[in-house]
Asker: 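This is the structure, below, for whatever I ask next.
Only a predicted model underlies this, so the values are computations on that prediction, with no experimental measurement involved. Letters A, B, ... are given to chains in the order of the sequence lines, protein chains preceding strands, and every chain is numbered from 1. The figures here come from the full heavy-atom set of this structure, side chains too, leaving out hydrogens, waters and symmetry mates.
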Protein chains: 2
Amino acid sequence: MRPNKKDELVSKALEVFYRDGFHATGMDKLVVETGVSKTSMYKHFRTKDDLILAALELRDRNFREWFLNRVAEMADTPEGQLIAGFDALAEWFEEDNYRGCMFIKACSEFQEADHPIHQQAARHKQILLEHLTGLAKAAGAKDPDCLGSQMLLLKEGAIVSSVLINSGAPARDAKAAAQVLLDQALGHQAA
Amino acid sequence: MRPNKKDELVSKALEVFYRDGFHATGMDKLVVETGVSKTSMYKHFRTKDDLILAALELRDRNFREWFLNRVAEMADTPEGQLIAGFDALAEWFEEDNYRGCMFIKACSEFQEADHPIHQQAARHKQILLEHLTGLAKAAGAKDPDCLGSQMLLLKEGAIVSSVLINSGAPARDAKAAAQVLLDQALGHQAA
DNA sequence: CTTAATATGTACAGATCGGTAAACTTTATT
DNA sequence: AATAAAGTTTACCGATCTGTACATATTAAG
């Protein structure tokens, strides 16, 4: 079994957790959906929570890689990339299996701030925040920390809204808002 | 049993669902936490989902009443109220038992768009959106629908961020962003 | 071919899940 | 006091939950 069966398990489990939720997904369902026996699962991961953590790690890597690459394709200046992030969001929202942000959902289901799953989700958002703040600084914003935080606010608001109203429209409103905030932070005059 | 035992049940159940989540809260836990027998519960509500719906209805009423009153206390112009909403959020974030938005969490746990619980959560957000859009229109915004949607984006982003980083700070960044967007929508010059 | 690692199916334990049945107690009204 | 509504306790159902035991099959390397 050289072709990594463990990674395959995590990848499939990620799909199911994302689609159906964490508590709503039992290990028996995972046996069926992943094609991996329960015995093997518990040989790779001591508990269900450990498997969830592995799935979240994979999600973190996949999402960030996709997002950063997509943004880099669309723009090559810091200002441009800050705005392009919202176009990338819009594309994401239109995907068939789009179900919102896995990390927001993880925090919804594991609410204690000191829970490992909660903390891992928080780490993902922290990394995104640092990336956005870095772009804000590179763009020359007056208060990069504030602008970066605001960009993240808009993104998360757009994600939540897109799920609630079942539409990709919030990505556009968020992009327009981001443009105004960016112009203001760079000292440009509003139209 | 005149003093409405049913309302008491819903109110207590709301607390527990908000604190621990929906799937993570079993009916047996509710028996202990609410002091109401399981038989009585199932006399009032045919299923657990029905009880969840009742809890969400109560939450919807409570939250909107609190929010609207608090905002009205803080400001009496449409522009002022749009901004004051973020001060109200900040107060909410500082509450001891603050656990984020119950409706976002409901949608996280009941993801199918046609699920009654999902739809009820969506209705709550829709009402808030209409309220914000109304304020935007009354304030004389160029595009009230867009501005209202953006205010909601910022609010939801602030809620999610406040949970993830376990801090009330996002309310301030959201307020600052809202001020910039409002000024721009009203045709004011940025600083 | 042998060995050791890694997979598998099946069966199960003990707890908990949502939900029900039946007999009993409390309460408010007449 | 009699009655009916509403609440309670206790016990239970079948299903599902996380997690384990055990015996067997597949695989890769020496």
Asker: Tell me, with the steps shown, if B:His115 and B:Phe110 meet ring-ring contact (aromatic ring centres under 6.0 Å, His included).
Answerer: CA-CA 7 Å; B:His115 193 294; B:Phe110 302 91; 5.0 Å; yes
Asker: Quickly work out the B:Lys5 NZ to D:dA5 C1' distance and round it to whole Å.
Answerer: 15 Å
Asker: Crowded around A:Arg99 CZ? As in, over 12 foreign heavy atoms under 6.0 Å?
Answerer: yes
Asker: How close or far is atom P of C:dT8 from atom CE of A:Met41, stated in whole angstroms?
Answerer: 9 Å
Asker: For the side chain of B:Ser37, counting heavy atoms from C-beta on, which of D:dT9, D:dT20, C:dT20 is nearest?
Answerer: D:dT9
Asker: Could you tell me the separation between the CG atom of B:Leu30 and the P atom of C:dG18, rounded to a whole number of Å?
Answerer: 8 Å
Asker: Please figure out whether B:Lys43 or B:Thr47 has its closest DNA chain C nucleotide nearer the 5' end.
Answerer: B:Thr47
Asker: State whether B:Tyr42 places a side-chain N or O below 4.0 Å from either non-bridging phosphate oxygen (OP1 or OP2) of C:dG19.
Answerer: yes
Asker: If I take atom NZ in residue A:Lys6 and atom P in nucleotide C:dT8, what distance separates them, rounded to the nearest angstrom?
Answerer: 15 Å
Asker: State whether the distance check finds a donor on one side and an acceptor on the other, under 3.5 Å, for side chain B:Lys48 versus base C:dG19.
Answerer: no
Asker: Whole angstroms only, please: what is the CG-C1' distance between A:Asn4 and D:dA28?
Answerer: 15 Å
Asker: Taking the nucleotide of DNA chain D with the nearest heavy atom to each, does A:Arg46 or A:Lys29 sit closer to the 5' end?
Answerer: A:Lys29
Asker: Could you tell me if B:Glu109 and A:Ser108 have a donor-acceptor pair between their side chains, going purely by distance under 3.5 Å?
Answerer: no
Asker: Between A:Asp28 and A:Thr39, just flag the one whose closest nucleotide in DNA chain D comes earlier from the 5' side.
Answerer: A:Asp28
Asker: Does either side chain, that of A:Gln111 or that of B:Lys105, offer a donor lying less than 3.5 Å from an acceptor on the other one?
Answerer: yes
Asker: Is it the case that the side chains of B:Ser162 and B:Tyr98 hold a donor-acceptor pair, with the cut-off being a distance below 3.5 Å and no angle test?
Answerer: yes
Asker: Taking atom P of D:dT18 as reference, at what distance in whole Å does atom CZ of A:Phe22 sit?
Answerer: 13 Å
Asker: In this structure, how many angstroms lie between the P atom of C:dT16 and the NE2 atom of A:His23, rounded?
Answerer: 14 Å
Asker: Does A:His44 reach a base, just sugar-phosphate, or nothing at all? Heavy atoms under 4.0 Å.
Answerer: sugar-phosphate
Asker: Can you tell me which nucleotide in D:dT18, C:dT8, C:dT20 comes closest to the side chain of B:Lys38?
Answerer: C:dT20
Asker: B:Asp20 CG to C:dT16 C1': how many Å, rounded?
Answerer: 15 Å
